[in-house]
Amino acid sequence: MLRTKIHIAISAIGAILGLSAFICFCIVYANIEAGMWALLSGIHASLTFMLHCHYLKESLHVNFSRKALQYLGDFGMVGFVSGTALTLFYLFLEIYYKADILPIQTSIIIRMIWSFMMLKWGLLLYIFTKKYLRTYNDHQLFSENPNIEET
């Protein structure tokens, strides 16, 4: 339980930082790309936070079907793959152009950092979705449903 509470705290921090970085980079600094990657990172962290909270309250099986968890895992994998591609792309641009972190409006390094954060939260969403899918016991779920006849 302590481990789950630590995961909840870390994913809550990730969600808050992702959403606040979205506001900061899009509105204040006009770095739209970094803001979009921060928003997607915050969404992945928020979904991970939601999964941990439902798991802690033992309401994961009640609120999510196996298919819904599989879709969340697929969304996490898309975030991981796109974050990996973007991180490698921005790393190439940084090495090629040797750009500084300032000015923030055109900073490649900040874009690379937030694409890496999207990579991280996408991977964590995928890993925890697969972990929580293993807790489902199909026979137990079907035997508790009175509308399904046993053969």
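In this text the structure is predicted, and so the values were computed from the model without any measurement.
Under the rule for a ring pair (Phe, Tyr, Trp, His ring centres under 6.0 Å), the partners of Y132 that lie at least two apart in sequence or sit in another chain are H52, Y55.
Note that CZ of R3 is 14.0 Å distant from CG of L56, once rounded to the nearest 0.5 Å. From T87, atom OG1 reaches atom CE of M118 across 7.5 Å, with rounding to the nearest 0.5 Å. Note that the CG atom of L91 and the CG atom of L86 stand 12.0 Å from one another [nearest 0.5 Å]. L39 contributes atom CG, which lies 10.5 Å from atom NE2 of H44 (distance to the nearest 0.5 angstrom). Taken from OG in S65 to OH in Y71, the straight-line distance is 8.5 Å, to the nearest 0.5 Å. Between the CH2 atom in W114 and the CE atom in M36 there is a gap of 13.0 Å [rounded to 0.5 Å].
I110 and L88 fall into different hydrophobic clusters, where Ile, Leu, Val, Met, Phe, Trp and Tyr are joined by side-chain heavy atoms under 4.5 Å apart, directly or via other members. M1 and F128 fall into different hydrophobic clusters, where Ile, Leu, Val, Met, Phe, Trp and Tyr side chains are chained together by heavy-atom contacts under 4.5 Å. Hydrophobic clustering keeps I6 apart from F49 (ILVMFWY residues linked when any side-chain heavy atoms are closer than 4.5 Å, directly or through intermediates). Cluster membership for L40 and I23, using ILVMFWY side-chain heavy atoms within less than 4.5 angstrom, is shared. Cluster membership for L124 and I16, using ILVMFWY side-chain heavy atoms within less than 4.5 angstrom, is not shared.
Ring orientation note: the planes of H54 and F64 are nearly perpendicular, at an angle over 60° on the 30°/60° scale. Relative orientation of the F25 and Y29 rings is tilted, given thresholds of 30° and 60° on the angle between their planes.
Across all their heavy atoms, I108 and A99 have their closest contact at CD1-CB, 4.3 Å. Taking every heavy atom of both residues into account, A38 and A21 meet most closely at CB-CB, 3.7 Å. The two residues A15 and S46 come nearest to each other via the heavy atoms CB-OG, 3.3 Å. Of all heavy-atom pairs spanning Q105 and R111, the tightest one is O-NH2, 3.7 Å.
Around OH of Y126, the count of heavy atoms belonging to other residues, nucleotides or ligands within 6.0 Å does not exceed 12. Summarising the local packing, NZ of K130 is surrounded by more than 12 heavy atoms from other residues, nucleotides or ligands at distances under 6.0 Å.
Contact of the L123 side chain with the T84 side chain is not registered, since no non-hydrogen atoms from C-beta on lie closer than 4.5 Å. Here the side chains of N31 and T106 are not in contact, with every heavy-atom distance at 4.5 Å or above. Side-chain contact between M117 and W37: absent, with no pair of heavy atoms (C-beta onward) separated by less than 4.5 Å. Looking at heavy atoms from C-beta onward, L51 lies in side-chain contact with L125 at the 4.5 angstrom threshold. The side-chain heavy atoms of H61 and T135, taken from C-beta on, include a pair separated by under 4.5 Å.
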Derivation of the side-chain contact (heavy atoms from CB on, under 4.5 Å) call for E94 and Y90 | CA-CA 6 Å; E94 179 59 32; Y90 288 133; over 6 Å; no

Carefully, step by step, assess S41 and F22 under the rule side-chain contact (heavy atoms from CB on, under 4.5 Å).
-> CA-CA 9 Å; S41 171; F22 164 72; over 6 Å; no

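The backbone N or O of V62 sits nowhere less than 3.5 Å from a side-chain atom of S59 that would complete a donor-acceptor pair.
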